[in-house]
Amino acid sequence: MWHNNEEEGEEEETFGQTSRASAASSTGVSTAIFEIRVEGRALGASDSSTFMNIQRSTLPMGKIIHEVVFDIPREHYEVYTHLTRLVLLKQELFYDYRTGPPHYAHLYQDTIRWIHDYPYERLKRGAELNDGPQMLEFCLRHFADCEIPWEEQTYSATDFIEMLQDLAGDYGVSLIKRPHGKRRRIKHHTPVLQQRALAACAWINFTSYFDRPYGGSLYAVLNGLPMYAAACYANLAASGDFLPTIVIRIANWLGTLKTRYPGVDIRTTPRLCELKHIWLAWDAYWERCIKRQIAECSKVHAARNVYGCDGCDIRAMHKNAFRACSGNCHPETKPHYCSRVCQEKH
Ligand SMILES: [Zn+2]
Ligand SMILES: [Zn+2]
């Protein structure tokens, strides 16, 4: 990755540690990072030159993203174990994908403040006393394995699901049979907390699907519980017009079944066809993506020298992604390069 306006080496100096993730993975954190790019936001610092995304065009409207790079502000880099996982999880569950978090630096600071104010033992006590916000934080800390003492007991997915169901309370959802049927009386309960708990319920069910030995089979999707439960919670969130990234991720993942099992349209299968809200949200998401792509294409088309490498067919999404030719060619047509190798051809 290169900046056109900085010397090599200065990048590290300025932006600290860099994380890389392939966008190809179908589960896990990397997809969340991909979603960050889809929303065109950079982690941490200001928009300029901290983030870029080089891609090779395939179809006029399609693209393969080779690599996503983002810089974590140095002062925030792993000050706590798996801090970034927790930040990404909050990004995925707390904020509507259409607006995103207020600012990533803010999200980091807020996450750190929580860890600072509520060290694990204190947080656990709060969760046991049914303090709503602390219960949610407790679950997320476990999901991200962030600052959990190694000697701590292990909890099952059901333990968290029960806690989150109680937080999502007023929606009256209960997909998992409760042995005693008793619900907690939650303190400091708010509608926002309920929505976030729904998103977290969707997340833990979605994730536990892949932990099962038969995870990945179409039979498990159509007849088993976790993926269906994930879709139901996502659908409930969507019914309240709350669309955190996890909702779209679940819909996207279900949509991929069409490719893997030709002839299967998941939207028309018996149980999933009833989840209208998630499918409407998914349609709206794709509509937005297409509009964005059209806008991007016309932007790139208008300044092909800036967004396209002169030495190969790699295209950039960000105008600072490539190095400009340092010669005195005309600024309007000045060629740009993805790498030194391409520049040397000039
Ligand atoms: Zn090139
Ligand atoms: Zn030149």
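First listed ligand is number 1; within each ligand, the first listed atom is number 1. These values consider heavy atoms only, across backbone and side chains, with no hydrogens, waters or symmetry-generated copies.
Seen from the Zn ion (ligand 2), atom SG on Cys325 and atom SG on Cys329 lie at an angle near 110° (rounded to 10 degrees).
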Given the rule in the side chain to side chain donor-acceptor pair (under 3.5 Å) test, do Gln91 and Tyr97 qualify, once you have shown the distances and angles that lead to the verdict? CA-CA 9 Å; Gln91 179 260 334; Tyr97 85 91; over 6 Å; no

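Within the cation-pi definition used here (under 6.0 Å to the ring centroid, within 45° of the axis), Arg288 does not qualify as a partner of Tyr285. The cationic group of Arg271 lies under 6.0 Å from the six-membered ring centre of Tyr228 and within 45° of the ring axis, placing it in a cation-pi geometry.
In summary, Glu152 and Lys124 engage in a salt bridge, as defined by a charged side-chain N under 4.0 Å from a carboxylate O.
Using cut-offs of 30° and 60° on the angle between ring planes, the pair Trp253 and Tyr209 is perpendicular.
Looking only at protein N/O/S atoms, the ones less than 2.8 Å from the Zn ion (ligand 1) make 4 in total.
Listed by first and then second residue, the salt bridge (charged side-chain N to carboxylate O under 4.0 Å, His left out) pairs involving residues 187-208 amount to none (not counting sequence neighbours).
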